[in-house]
Amino acid sequence: MFRKRLMKNERPVFPKRAVVTAGMPYGNKNLHFGHVGGMFVHADIFARFLRDRIGKENVIFLSGTDCYGSPIQESYRKWKEAGQEGSMEDYVTANHHSQKKTLEDYGISLDFFGASALGEAGEIHRQMSAGIFHRLYRNGYIEKLSVPQFYDEELGIFLNGRQVTGRCPIPGCTSDKAYADECSLGHQFLPAELINPVSSLSGKRPVLREVENWYFELENCIDSIKEYNDFLRKNTNTRKYQLETVEEFLKKPMLYVPKKYVGNLEELSKRLPAHRSVDEEKRNSFVFEFETLDDRDKAKAVLDEMGIHYTAGKTLVPFRLSGNVKWGVPFPACEDLRNLTFWVWPESLWAPVSFTRAYLRQKGMEEDLTKWWGDEEAEVYQFIGEDNIYFYAIAQTGLFTGLQQPRRTKPDMEKVRLSHIIANRHLLYLDAKASSSSERKPPMADELLEYYTKDQLRMHFMSLGLSSKSVGFRPQALLKEEEQNGTDIVLKDGNLITNVFNRLIRSCFYAAQKHYAGKIPAGEADGKIRDMAQKAVLEYERHMYHQEFHRISYLLDDFIREVNKHWVNHIKAADAQGDAALREQIVRDCFYACKVMAVLVHPIAPEGCEKFREYMRIGDMLWNWDYILEPISFYTGDPALHVLKELEPREDFFKKHERQFEQGG
């Protein structure tokens, strides 16, 4: 297993092959800073590290535009109302290209950025979606249910998920918006449970009408998902808060009834289906726990009849696979259901598999798909935002288990091949959750590049510690003057490479050019420097294994500044004393340390590191982790014959933004 919890000082083992995915942005928008800084940068740093660690031919990094579903359909409707021209496909295509360009501008090194509705990837995705449904159907996980759907009587149409808004029925939910069967924080519920529903088309309260659709029996997967969640908790490095979020949904169906509405608990209990009741003195509500959703629904009917208010607790509900939204992946005609489309969430879960197949087809290796998804020597790392934990860590676990195991056999969850889900906490804007619908709009990702370089932003986003907490983003350059306070933390984090590391590399090159004819003095780096480098390498490797990027930020800060101090404290003394031997040793030490630093910084700020490699006149072998602690002569041969590329005065390896020079930053 490539996500086991490591013992102290144990070196991690990485897979032979890896797929890295970053959750797909909807096809109705450009990317704001949260998309890039909250997820894509972290996924890219990890993918770049794996390329250096296990070989670039053994890593596929992919994502794509999530083209389908009611959010896109609703946005397209408003786009047309605003007088824009073009088809739905034109609209999605334009957004797809915009997203792709933004990611490229941030140095996000995707091997494949697909679109679930467009081109060959879209066609593969449609074929795969049909195949997955048929396989789940054969394995016995699919059920046909008649479930109420919202209907706008004034307009005479069924409403899609985003055309109905209300309040989330889940107790304690802080979402500012809920839709037909999910809220903005990812909580799932049945349409009839939405509180105060309103049609966004007519502004009127819609009614519920029964509609037949296909569902995955997720509610029957509670035991297997709980077993898997417990296994992850005891044996792996899966993030604790992620496991706790999953645990919240793995409870029996419950109803919470405020005590003020209950006159006689015993009499009420007699009227309800079989249940277990909890009456805690500190609680304001009685809790009724049922074995099945059906029993809970019968209890709700009793309470409705009696006029007693209640709320439903978190639990697993049937996971809808189909719907009647026109803009969607066509659903296979099966039994008596025709002209349906896939609901966007399930098909988006297997879209990365479709994209992997599309990428491999381009390479002429489509038959190798199972070597990447489902092979014991491979691992799939999926970076997501915390709002999507329900879908990736719960629904996907159920679906992908169902693809591998027949319904009536108890799955061995330690042997089922599932992805490693890596959920980041919220990247806030100032102190609030970033949302395009909020009163204060978050900055778009492109806008930030008008004030900061991509490397400064990548360093900052990496350092925020989103693995364990939500963090506010405060770019001073975009704030009003009265809101600016103290140091611009984006610049401060970026200064480690634009100032300290940059200055150290230049000092080494200029010393070699001035004193040694552009060569590195022969000999070994000092033992203290080699020990420092080895310690940094081993700690870095462990932090990357655990995807603890903020710890990498701290480690690099300590390592780079300590070596810079080594240079400053000794080089002036060597020059002042005319100690040629000491100067040679310090130059040799710091070139060696810079070589190791470049390998560690390479996944984070690749362009500057590649420039360092070019000026060192070393090949791509420099990035190979098998040799990371080797002396420089290992790459160059005889130091007396190896001449570095000449570095011009004031030439930078890691540049600042031109605006920062204008402002004296």
Side-chain angles (χ1 to χ4, degrees), residues 29-42 44-45 98 101-103 105-108 174 176 385-386 424-503 549-554 556-558 560-561 564 601 604-605 607-608 650 652-665:
K29 62 183 72 175
N30 295 326
L31 303 181
H32 66 60
F33 81 95
H35 293 117
V36 176
M39 177 184 56
F40 271 103
V41 164
H42 300 81
D44 182 67
I45 290 171
S98 172
K101 182 181 184 304
T102 297
L103 294 172
D105 289 345
Y106 271 85
I108 308 300
T174 58
D176 59 356
E386 71 170 292
N424 277 352
R425 302 302 294 262
H426 290 130
L427 179 55
L428 310 173
Y429 183 50
L430 306 181
D431 297 316
K433 184 183 174 186
S435 171
S436 55
S437 61
S438 59
E439 185 175 333
R440 184 165 184 176
K441 299 288 187 285
M444 303 306 291
D446 293 338
E447 186 180 357
L448 292 175
L449 293 173
E450 298 174 13
Y451 300 89
Y452 307 99
T453 68
K454 63 175 178 289
D455 287 348
Q456 289 172 328
L457 290 163
R458 286 167 67 97
M459 285 290 294
H460 176 62
F461 291 138
M462 180 188 78
S463 72
L464 292 177
L466 296 178
S467 61
S468 59
K469 61 182 178 180
S470 296
V471 181
F473 176 53
R474 299 188 66 86
Q476 298 282 305
L478 274 69
L479 300 182
K480 299 174 185 176
E481 188 172 343
E482 62 270 21
E483 295 177 322
Q484 296 179 10
N485 182 23
T487 304
D488 189 331
I489 192 67
V490 181
L491 296 182
K492 182 177 181 294
D493 289 335
N495 279 346
L496 181 66
I497 56 173
T498 60
N499 282 1
V500 187
F501 190 26
N502 199 56
R503 185 168 60 243
F549 300 101
H550 63 295
R551 297 187 186 278
I552 291 172
S553 179
Y554 304 150
L556 290 174
D557 192 87
D558 289 344
I560 293 173
R561 292 185 189 279
N564 187 65
V601 175
I604 306 157
E607 288 181 9
R650 300 191 63 79
D652 287 322
F653 289 85
F654 304 95
K655 298 182 182 296
K656 294 184 178 181
H657 198 284
E658 58 186 19
R659 285 201 178 196
Q660 291 156 22
F661 292 104
E662 295 169 8
Q663 300 163 2

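All values below come from the heavy atoms of this structure, side chains included, with hydrogens, waters and symmetry mates left out.
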With a 4.5 Å cut-off on side-chain heavy atoms, are Ile497 and Ile604 touching?
no

Looking at side-chain heavy atoms only, is the closest gap between Ile108 and Lys454 below 4.5 Å?
no

Please report the interatomic distance CD(Gln484) to CG(Leu478), rounded to the nearest 0.5 Å.
9.5 Å

Side chain to side chain, Leu466 and Leu427, heavy atoms closer than 4.5 Å:
yes

Run the numbers on Arg458 and Asp44 for side-chain contact (heavy atoms from CB on, under 4.5 Å), then give the verdict.
CA-CA 10 Å; Arg458 286 167 67 97; Asp44 182 67; 2.7 Å; yes

Inspect the surroundings of CD in Gln476 and state if more than 12 heavy atoms from other residues, nucleotides or ligands are less than 6.0 Å away.
yes

Side chains of Asn30 and Asp446 in contact at under 4.5 Å (non-hydrogen atoms):
no

Can you tell if the side chain of Val36 reaches within under 4.5 Å of the side chain of Val41, non-hydrogen atoms only?
yes

Under 3.5 Å donor-acceptor, Asn424 side chain and Gly38 backbone
yes

Tell me whether Lys655 at atom NZ has more than 12 heavy atoms from other residues, nucleotides or ligands lying less than 6.0 Å away.
yes

Between CG on residue Leu496 and CE on residue Met459, distance to nearest 0.5 Å
4.5 Å

Examine the side chains of Asn499 and Lys656 and answer whether a donor and an acceptor come within less than 3.5 Å of each other.
yes

Going through the distances and angles, do Phe654 and Phe501 end up as a side-chain contact (heavy atoms from CB on, under 4.5 Å)?
CA-CA 8 Å; Phe654 304 95; Phe501 190 26; 3.5 Å; yes

For the side chain of Gln456 and the backbone of Leu491, is there at least one donor-acceptor N/O pair under 3.5 Å apart?
no

Can a donor-acceptor pair be found, under 3.5 Å and without considering hydrogens, that links the side chain of Tyr452 to the backbone of Ala477?
yes

Hey, could you give me the CG/CG distance between Asp105 and Leu448, rounded to the nearest 0.5 Å?
12.0 Å

Does any N or O in the side chain of His426 come within less than 3.5 Å of the main-chain N or O of Leu428, such that one atom is a donor and the other an acceptor?
no

Rounded to the nearest 0.5 Å, what separation is found between the NZ atom of Lys492 and the OG1 atom of Thr487?
7.5 Å

Not counting sequence neighbours, which residues clear salt bridge (charged side-chain N to carboxylate O under 4.0 Å, His left out) with Arg561? List them please.
Asp557

Taking all non-hydrogen atoms of both residues into account, name the closest pair between Ser467 and His550 and its distance.
OG-CE1, 3.4 Å

Can a donor-acceptor pair be found, under 3.5 Å and without considering hydrogens, that links the side chain of His42 to the backbone of Phe461?
yes

Rounded to the nearest 0.5 Å, what separates atom OH in Tyr106 from atom OG1 in Thr453?
10.0 Å

Please report the closest heavy-atom contact between Ser470 and Glu386, naming both atoms and the distance.
OG-OE2, 3.6 Å

Where is the tightest heavy-atom contact between Pro442 and Tyr429, given as atom of each residue plus distance?
CA-CD2, 3.9 Å

Evaluate the side-chain proximity of Gln660 to Thr498: yes if any heavy-atom separation is below 4.5 Å, no if none is.
no

What are the two closest heavy atoms between Asp493 and Ser463, and how far apart are they?
OD2-OG, 3.0 Å

Would you say Arg659's side chain and Tyr451's backbone share a donor-acceptor pair under 3.5 angstrom?
no

Using every non-hydrogen atom in the two residues, find where Lys29 and His35 come nearest and quote the distance to one decimal.
CD-CE1, 3.9 Å

Taking Thr102 for the side chain and Ser98 for the main chain, is one N or O donor matched with an acceptor at less than 3.5 Å?
yes

Residue Glu482 excluded, over 12 heavy atoms near CD under 6.0 Å:
yes

Applying ring pair (Phe, Tyr, Trp, His ring centres under 6.0 Å) to Phe653 and not counting sequence neighbours gives Phe509, Tyr615

Quick check for you: to the nearest 0.5 Å, what is the distance between His460 atom NE2 and Asp488 atom CG?
8.0 Å

